[in-house]
2 protein chains.
Amino acid sequence: MATVEEPTRPAGRIRDAARTKAEILDVATQEFARAGYTGARVDEIAARTRTTKRMIYYYFGGKEQLFTAVLEHAYSAIRQAEQEVDVDHLDPVAAIRRLAELTFDHHEAHPDFIRLVAIENIHEAEHIAASEQLGALNSPAIEVIRRILDAGRASGLFTAEIDAVDLHAMISSFCFFRVSNRHTFGALFGRDLVAAEQREHYRTMLGDMVIAYLTADRTED
Amino acid sequence: MATVEEPTRPAGRIRDAARTKAEILDVATQEFARAGYTGARVDEIAARTRTTKRMIYYYFGGKEQLFTAVLEHAYSAIRQAEQEVDVDHLDPVAAIRRLAELTFDHHEAHPDFIRLVAIENIHEAEHIAASEQLGALNSPAIEVIRRILDAGRASGLFTAEIDAVDLHAMISSFCFFRVSNRHTFGALFGRDLVAAEQREHYRTMLGDMVIAYLTADRTED
DNA sequence: CTCCTAATGTACGAACTGGTTCGTTAGTAA
DNA sequence: TTACTAACGAACCAGTTCGTACATTAGGAG
């Protein structure tokens, strides 16, 4: 979602296939996130580009494939961020809290990505299903969680029997909801879940919640 | 979302204003949930109705107001369900768990409602803002949570300082995400969050999570 | 320098879409 | 019975939307 920067050669800016393609993808990301798949207009995307609608069809084939490319690009960005997560030097409790915070921060920093995912769910993930790229590779975050979970259970700190994918769902759901549903939640309950002054409050709350669940005293069960 | 049943007088089924209006609302709910606001077609709604497009404009004014009416109707249904919640006879821990389960069940039982809310968030809750009906009355669930929370803290069982609206957000986020993001989550992680055989697992997990958070040992802080 | 192709731009059209115009009829009050 | 209005339907319209046919040119290979 970062805006594509100026080409290296400012004068000879015609005939730069890579650049044209990247610019279309960038503008399309904004437009799809803004208006949804059906609401997005191919003409509008073209107009906000330095090139024409013809190029969208030349490079991507059509609206459908363009949206798939947008999703592939957006997901590859989050995967890259996840791969740079380094929590191996922390104890399990601190590591989980750190991971939850990173997830929290990433959702807050990329509302457009959240919107794209929400939109793709409205369309029942049909574009992800159509993408060869997205079906294959799964999230690095899962592997990280798995390692922390193993360490936490080995040391006896974690009592919960949750697996990595479910814990990821638990963490993501709160982070995702806070961003995706801020408008209806705000309108109905009068509370802005993404207000800057509430940020630390919710960030802490998420960590507390996850740690409480993982370390809860289960002797009484 | 329930399909409108046949009129009381099967023969004289012409000229029934209430029935026509209800049928439009019912079909519109399905169509908006299926395709999103922009994706929904007024012609399609009309075609699946026993009346014509003219009547949609006659009764509702336009596509925008029709969607607002759909939201009003959908929200009024969930409010009604919330009002029938009776947990006053339970101890705080059991009451919170029961409430979480009811929220869980309601989300699972009404995927169309979840989709409508997700769609309305894409449109930044502009239709809720435009509705006089929806802005005013707030959720009965909040009051119920507030009472349980007070009782739990009075008895010393609950140590968390969370308020009712935030606890509602915590519970809703998990329930909402599980339904709203099942498609992308399933496609990316190979796990169906709404699979029938996993239902009890997630229902229990939610309750455990909330109770663990509320009753966590905080002496070490 | 010439030629060839990837890259690009212009203009257009067929189908669709929200909304409206005009006219008709069922039911009811007097 | 009559007259009046709420309820209804068919056809239409103006603006839009995705996609394409056709024409053009930059820039590297030879």
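The figures here come from the full heavy-atom set of this structure, side chains too, leaving out hydrogens, waters and symmetry mates. A note on names: the letters A, B, ... follow the listed sequences, proteins ahead of strands, and every chain is numbered from 1.
- Per the geometry, CD1 belonging to A:I24 stands 13 Å off C1' belonging to C:dG9, to the nearest Å.
- Of the possible polar contacts, one joining the A:R41 side chain to the A:T38 backbone as a donor-acceptor pair under 3.5 Å is found.
- In terms of polar N and O atoms assigned as donor or acceptor, the side chain of A:K53 comes within less than 3.5 Å of the base of D:dG19 in a complementary pairing.
- Within the nucleic acid shown, A:A40 comes within 4.0 Å of sugar-phosphate atoms alone, with no base atom in reach, counting heavy atoms only.
- Counting any heavy atom pair closer than 4.0 Å across all strands shown, A:Y59 reaches sugar-phosphate atoms only and no base atom.
- Remark: B:R54 is not in phosphate contact with C:dG19, judged by side-chain N or O atoms under 4.0 Å from OP1 or OP2.
- If you measure from atom CE of A:M55 to atom C1' of D:dT20, you get 12 Å, rounded to the nearest angstrom.
- Spacing between atom CG of A:D16 and atom P of C:dA6 amounts to 17 Å, rounded to whole angstrom units.
- Among the protein residues, A:A46 comes within range of no part of the nucleic acid, since none of its heavy atoms lies under 4.0 Å from any strand.
- For the pair A:R50 CZ and C:dT8 P, the interatomic distance rounds to 12 Å; values are reported in whole Å.
- Contact record, A:V27 with A:I45: CG1-O, 3.6 Å, taken as the closest heavy-atom pair.
- Considering only side-chain atoms of A:R41, the nucleotide from C:dT17, C:dG19, D:dT17 that sits closest is D:dT17.
- When rounded to the nearest whole Å, the span between CG of B:D43 and C1' of D:dG9 equals 14 Å.
- Here the P atom of nucleotide D:dT17 and the CD1 atom of A:I56 are 14 Å apart, to the nearest Å.
- Remark: A:K53 engages A:D43 in a salt bridge, criterion side-chain N to carboxylate O under 4.0 Å.
- Of the residues listed (B:V210, B:L206, B:L193), the one engaging B:F174 in a side chain to side chain contact (heavy atoms under 4.5 Å, CB included) is B:L206, and it is the only one.
- Contacts of B:T51 with the nucleic acid, taken as non-hydrogen atoms under 4.0 Å apart, involve only primed sugar atoms and P, OP1 or OP2.
- For C:dA7, the OP1/OP2 oxygens have no side-chain nitrogen or oxygen of A:T20 closer than 4.0 Å.
- D:dT24 atom C1' lies 13 Å from atom OH of A:Y58, rounded to whole Å.
- Formation of a donor-acceptor pair under 3.5 Å by the A:N121 side chain with backbone atoms of A:V117 is found in this model.
- Proximity note for B:T52 (side chain, C-beta onward) versus D:dA10, C:dG19, D:dA7: the nearest is D:dA10.
- The OH atom of B:Y37 sits 12 Å away from the C1' atom of C:dT17 (whole-angstrom rounding).
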